[in-house]
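Note that this is a predicted model, so its numbers are computed, not measured.
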Amino acid sequence: EVTIADQVTYDDGDDHYTLDVVTIEANGFAGTIGTAIKKVTFGKNVTTIGAEAFKGATLLAEIVFPEDSKLTTLNSKAFAETQIVNPDFSNCTKLTGLPDYLFTLGEDKTNSYVKTVTLPTSSTFKTIETSLAGLVNLESTNIADTKINIVKEGAFNKTSSVAKKLTALELPATVVTIEKAAFQGSLISDLTINVDGISDEPTTSIGNNANPIYGTTKTVLTKLTLKGELKGKVSKSAFEGMTRLATVDMSGMTFASKGQIMTDAFKGCYEHVDDDHIYGLASVTIGDIKHNGNNSEYTINEKAFEGCDKLTTVTIGNIDTKGAIGAEAFGDKLTSVTIGNVEKAEAVAASAFKFAGVNASLKIGFVSNENPGGTAYVFPAGAFVMGTDGNKTVVIGDGTKAIDSKGKAFAAGAITGKVVSLTFDGDIIEKGLTDGTDMVKILGDNSNVATLTFNGKIGAAGIGDFSGLKDGAN
C-alpha cells in the first residue's frame, strides 16, 4: 500500500522546508516500480496525476481520494494496465474532467477490471473524453448526476461489450453537444437524454450533420427517451439507420424557441430481414410543440422519419405554433395519429400525415385559429392523407370543445381518404367549420361516411357542408 503524503519536509543542512505534494509525475509509479502496489491513498494537496503515472501497476486494485482533495487534472493512461475495480472520484470536486483512455492503453484497447465508475457531481467537472471507452465489464456509472457538457466522439466505444450490464444510460441536462459516433461500439440500448442544455447555438446539437451518434453501430439502440425543453436541434442523421430502435418517447420534452427535429434525423430506422424478422421504429410520442422560431423550417422537419416503414403510431401533445409538422414528417405508413389541442394557423404542412393502414384512426383535440382574418387555415388541404382502402375513423374534439368560434380551422379537403366515421366530440361554436362566408367540406370525399356524430352544441353559423353522405348514414 502506498500513501501519498499531504506534505514532505526537506532539510538541506541550513534551512528546513515543508512542501505540499502536488504532482505525481508522468510514469512516476509505472512499470516495475509499481508492480507490488495494491492500494494508493492520495494526499489532499495532489492536483495533478501525470500520464501513465501508474501504468503497469498490475496489482493496483484500489485508489482513494480524501474528502478535501484538490485534484484538478488527470492525464491519459494514468491507470492503464491496473486492476482497479471501482474507481471513485466523487471527492475530487475540483477535477475538470477525465482524460482519454484513463484505464486503457488507447483506442480499441480494453480493460476488463473496472465495474463501477463514480464521477464528481461538482460544476467544475465538464467532460469525460474517452475515459469510459474500452471498459468491457462496466456495470454502472453516475453520469446522470454529473454536470458534463460534451459527450465526445468515441466516449462509450466498447463500453460493457462483455458484461452487457450497462445497457441503460441517462445523460444530464448540462449536456450541450453529443458528438458523432459518441456511442460507436457501445451496448447501450436504452438511452435517455435530457435536452435542456441543447440550445440554438451552432456549436450545440445532438449529433452533427449526416453523422449518427451511434456511428455504424446500427443494431443496439432499442429505446430512446428525450426529455426537457429543446431549444436546439436533433441534427440530420443523428439516429439514422438505427434498425432496432422500436420506441421514441418525447412525451416529457417540449419544443421551445428554435427546437427542431431535422430532416432525416431518424431516417431508415427499419429493417426487413425476412417475414419473421421485421425490425424498426413502431411508435413516436411527442410532447407539446410551441414557439417555432424558424419561420422557414418546421419544428418536426419534412421527412424527419423517412423510411421508417414500421412506424404506425404517432402521438403529439398540444400544438401552439405555426410550422409544427412538415410534409411526410413521419413517413407514409401511419395507422394511428393522436394530436392534442391545436391553436395556430398553418400548424402543419400539406401531407404532414400520410396513412397506409387498412383501418386507420385520427384523433385531434379542439381546434382554434387565432388569426381567422387571414387566409391560412390551421389544417390546409391534404394535411391528413388517409388513403382509399379500408375504413378510417376521425374524432375531433376534447370532450368539451371540438372547434371554436374563430373559424378557418379546416380547409376544404383537409382530410382525404375513405373516412367511414366522423365524430365531433365537443361543441362547434359559431363559425366552427366555416370562414364566415363559405361552408367548408372537411373531408375530400363525404361519400364513404356511414356515421356522423356530434357530441356537443352546434353554433349559429352551422357545421359546413356534409352533403353526399353514404346512403343510410347515421
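A distance of 4.5 Å separates CG in Leu169 from CD1 in Ile188, rounded to the nearest 0.5 Å. Here the straight-line distance linking atom CD1 of Ile193 with atom CE of Met250 works out to 11.0 Å at 0.5 Å rounding. Lys77 contributes atom NZ, which lies 5.5 Å from atom CD of Glu52 (distance to the nearest 0.5 angstrom). The structure places CG of Leu98 at 10.0 Å from OG1 of Thr130, a figure rounded to the nearest 0.5 Å. Rounded to the nearest 0.5 Å, atoms CG (Asp425) and CD1 (Ile364) are 12.5 Å apart. Considering OG of Ser368 and CG of Asn341, their distance stands at 9.5 Å, rounded to 0.5 Å.
The aromatic rings of Tyr270 and His272 lie perpendicular to each other, with more than 60° between the two planes, well past the 30° mark.
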Does the pair Thr192 and Lys227 meet the rule for a side chain to side chain contact (heavy atoms under 4.5 Å, CB included), with working shown? CA-CA 8 Å; Thr192 298; Lys227 64 181 185 179; 4.1 Å; yes
Given ring-ring contact (aromatic ring centres under 6.0 Å, His included), test Phe384 with Phe379 step by step and report yes or no. CA-CA 9 Å; Phe384 302 93; Phe379 297 111; 5.2 Å; yes
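Note on Glu271 versus Lys310: no salt bridge recorded, every NZ/NE/NH1/NH2 to OD/OE distance being 4.0 Å or above. Residues Lys231 and Asp200 are not paired through a salt bridge, judged by the lack of any N-O separation under 4.0 Å between the basic side chain and the carboxylate. Salt-bridge formation is detected for the pair Lys344/Asp320: a Lys NZ or Arg NE/NH1/NH2 atom is positioned less than 4.0 Å from an Asp or Glu carboxylate oxygen.
Under a 3.5 Å cut-off, the side chain of Gln260 and the backbone N or O of Tyr298 do form a donor-acceptor pair. Asn137 contributes a side-chain N or O that, together with a main-chain N or O of Ser112, makes up a donor-acceptor pair within less than 3.5 Å. At distances below 3.5 Å, not a single donor-acceptor pair connects side-chain atoms of Glu129 with backbone N or O atoms of Asp100. A donor-acceptor pair under 3.5 Å links the side-chain atoms of Asn91 to the main chain of Phe65, judged by distance alone. Proximity of a side-chain donor or acceptor of Ser69 to a complementary backbone N or O of Leu71 within less than 3.5 Å is detected. Between the Ser199 side chain and the Glu201 main chain, a donor and an acceptor come within less than 3.5 Å of each other. Under a 3.5 Å cut-off, the side chain of Asp196 and the backbone N or O of Glu229 do form a donor-acceptor pair. Ser189 places no side-chain N or O within donor-acceptor distance of the main-chain N or O of Thr222, the cut-off being under 3.5 Å. Listed for the Asp398 side chain is no donor-acceptor partner under 3.5 Å among the backbone atoms of Gly365. A side-chain donor-acceptor contact under 3.5 Å links Thr174 to the backbone of Ile148.
Lys109 NZ: 12 or fewer foreign heavy atoms inside a 6.0 Å radius. More than 12 heavy-atom neighbours from other residues, nucleotides or ligands sit within 6.0 angstrom of NZ on Lys363. Few gaps surround NZ on Lys218; more than 12 heavy atoms of other groups in view lie less than 6.0 Å from it. At most 12 non-hydrogen atoms from other residues, nucleotides or ligands lie less than 6.0 angstrom from CD of Glu67.
If you check the side chains of Thr121 and Asp145, you find no donor sitting under 3.5 Å from an acceptor. Side chains of Thr247 and Asp249: a donor-acceptor N/O pair is absent below 3.5 angstrom, by distance only. Checked by atom type, the side-chain pair Asp20/Gln7 shows a donor-acceptor distance below 3.5 Å. Judged by distance alone, the side chains of Thr58 and Glu81 never bring a donor and an acceptor atom under 3.5 Å apart.
For Thr93, the side chain to side chain contact (heavy atoms under 4.5 Å, CB included) partners at least two apart in sequence or on another chain are Ser122. With sequence neighbours left out, the salt bridge (Lys or Arg N to Asp or Glu O under 4.0 Å) criterion links Glu240 to no other residue. For Lys70, there are no salt bridge (Lys or Arg N to Asp or Glu O under 4.0 Å) partners at least two apart in sequence or on another chain. In this structure Pro380 satisfies the side chain to side chain contact (heavy atoms under 4.5 Å, CB included) test together with Val348, Ala383, sequence neighbours excluded. Residues forming a side chain to side chain contact (heavy atoms under 4.5 Å, CB included) with Pro87 (at least two apart in sequence, or on another chain): Ile63, Ile84, Phe89, Phe103, Val114, Val117. Glu107 pairs by the side chain to side chain contact (heavy atoms under 4.5 Å, CB included) definition with Tyr101, not counting sequence neighbours.
Counting heavy atoms from C-beta on, the side chains of Ile300 and Phe255 come closer than 4.5 Å. At least one side-chain heavy atom of Leu224 sits under 4.5 Å from a side-chain heavy atom of Phe266. Inter-residue side-chain proximity for Val385 and Phe355 is flagged as unmet; no heavy-atom pair is nearer than 4.5 Å. At least one side-chain heavy atom of Leu132 sits less than 4.5 Å from a side-chain heavy atom of Phe156. Leu191 places a side-chain heavy atom less than 4.5 Å from the side chain of Phe183.
Taking the ring centre of Tyr377 as origin, the terminal cationic atom of Lys408 falls inside the region bounded by 6.0 Å and 45° from the ring axis.
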